[in-house]
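Heavy atoms only: backbone and side chains are in, while hydrogens, waters and symmetry mates are out. So you know, we letter chains A, B, ... as the sequences are listed, proteins then strands, and number each from 1. Not measured: the values here are computed from a predicted model.
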Number of protein chains: 2
Amino acid sequence: MGASRIDIYSENINNIAAAAKVFAHPARVAILQYISNQKSCICNDIVDEIGLSQATISQHLKVINSAGLLKGTFEGKSVCYCIHLEHFQELQELFNSFFNQTKSNCC
Amino acid sequence: MGASRIDIYSENINNIAAAAKVFAHPARVAILQYISNQKSCICNDIVDEIGLSQATISQHLKVINSAGLLKGTFEGKSVCYCIHLEHFQELQELFNSFFNQTKSNCC
DNA sequence: CTTTAACATCGTAATATTGCAATATTACGA
DNA sequence: TCGTAATATTGCAATATTACGATGTTAAAG
């Protein structure tokens, strides 16, 4: 016990929760905002921008990337981080359909 | 180490992360959906609906309530859970403004 | 006043997350 | 090839989250 019991929920619910997890840490929100504000494909000034170590930023980037929210080159040197807009917007729609479904029927 | 360093981020970023945390667990998403689907102000069939113990559901409800997403009576017996629609929609707007701000400028 | 239904809270165990230092790995330039 | 800059990965330590049983607490029924 201690682990989330994802087996007992519908796929839609698990998808929403998994997506929310990406945004559930301020570092990841900040990283996404920073990347999206860069004119050109600049890379790890992220480490300088946000006050966390390179290892930690790299870990957060991995989480964001695993959710399909990044696009670019990821090998050795000269890496390029960009937002994967299509996937990003898919998540926005997922959230909005959840929000729009949820109404207040009582009180 | 181990704890999130919320002190180094802007308030807006922390707000988004805090809101996302509420939805970052499938049980809470399921609870919100269930409450919103009830015609009348029904209470803890939630425990029967979702396969978790009463103590666990109660904990999740506390998290949801702390985020300001519930409305109703919360004393002793005959409790009434409802979605606090205004706050709920505020969160929707918070997410949407974040999503809309985030663009892909490169690659 | 007692009982009971409906919750909340406490204590605790299991697991997940966060963060960093140290250590790979990789790509490019000298 | 060597050195180096730019990451990724590994291995902890600290903390947070999740889940549940047991135990309070409260309001209404009897």
*Which whole-number value in Å describes the distance from His25(A) NE2 to dA16(C) P?*
17 Å

*asked:* Does a side-chain N or O of His60(B) approach OP1 or OP2 of dA19(D) to a distance below 4.0 Å, or not?
replied: yes

*Taking atom C1' of dC20(D) as reference, at what distance in whole Å does atom CD1 of Ile50(B) sit?*
16 Å

_Distance in angstrom units between Ile31(A) CD1 and dA8(D) C1', rounded_ = 14 Å

_When you measure from the side chain of Arg28(B) to the backbone of Ala17(A), do you find a donor-acceptor pair of N or O atoms at a distance under 3.5 Å?_
no

*Output yes when a side-chain donor or acceptor of Asn100(A) lies under 3.5 Å from a complementary backbone atom of Asn96(A), and no otherwise.*
yes

*Between Ile35(B) (CD1) and dC7(C) (C1'), how many Å, whole number?*
14 Å

*How long is the line joining CG of Leu61(B) and C1' of dC7(C), in whole Å?*
10 Å

_Among dC20(C), dC20(D), dT9(D), which nucleotide has an atom closest to any side-chain atom of Leu52(B)?_
dC20(D)

*Respond yes when some side-chain nitrogen or oxygen of Ser53(B) is under 4.0 Å from OP1 or OP2 of dC20(D), and no when none is.*
yes

*Does dC28(C) have a Watson-Crick or wobble mate here (both distances under 3.5 Å), and if so which one?*
dG3(D)

*Between dA19(D), dG19(C), dT17(D), which nucleotide has the shortest distance from any of its atoms to the side chain of Lys21(B)?*
dT17(D)

*Does a nitrogen or oxygen in the side chain of Tyr81(A) sit under 4.0 Å from OP1 or OP2 of dA6(D)?*
no

*asked:* Under 3.5 Å, is there any donor-acceptor pair linking the side chain of Gln59(B) to the base of dA19(D)?
replied: yes

*asked:* Any donor-acceptor pair under 3.5 Å linking the side-chain atoms of His87(B) with those of Gln89(B)?
replied: no

*Quick one: sort the Phe88(A) and Phe98(B) rings into parallel, tilted or perpendicular, breaks at 30° and 60°.*
perpendicular

*Spacing between Ile8(A) atom CD1 and dC20(D) atom P, to the nearest angstrom*: 8 Å

*Between dA8(D), dT17(C), dC20(D), which nucleotide gets closest to the side-chain atoms of Ala55(B)?*
dC20(D)

*Can you tell if the side chain of Leu94(B) reaches within under 4.5 Å of the side chain of Leu91(B), non-hydrogen atoms only?*
yes

*Taking OP1 and OP2 of dC20(D), is either one under 4.0 Å from a side-chain nitrogen or oxygen of Thr56(B)?*
yes

*Could you state the atom-to-atom distance from CD of Gln54(A) to P of dT18(C) in whole Å?*
17 Å

*Rounded to the nearest angstrom, tell me the gap between atom CZ in Arg28(A) and atom P in dG19(C).*
9 Å

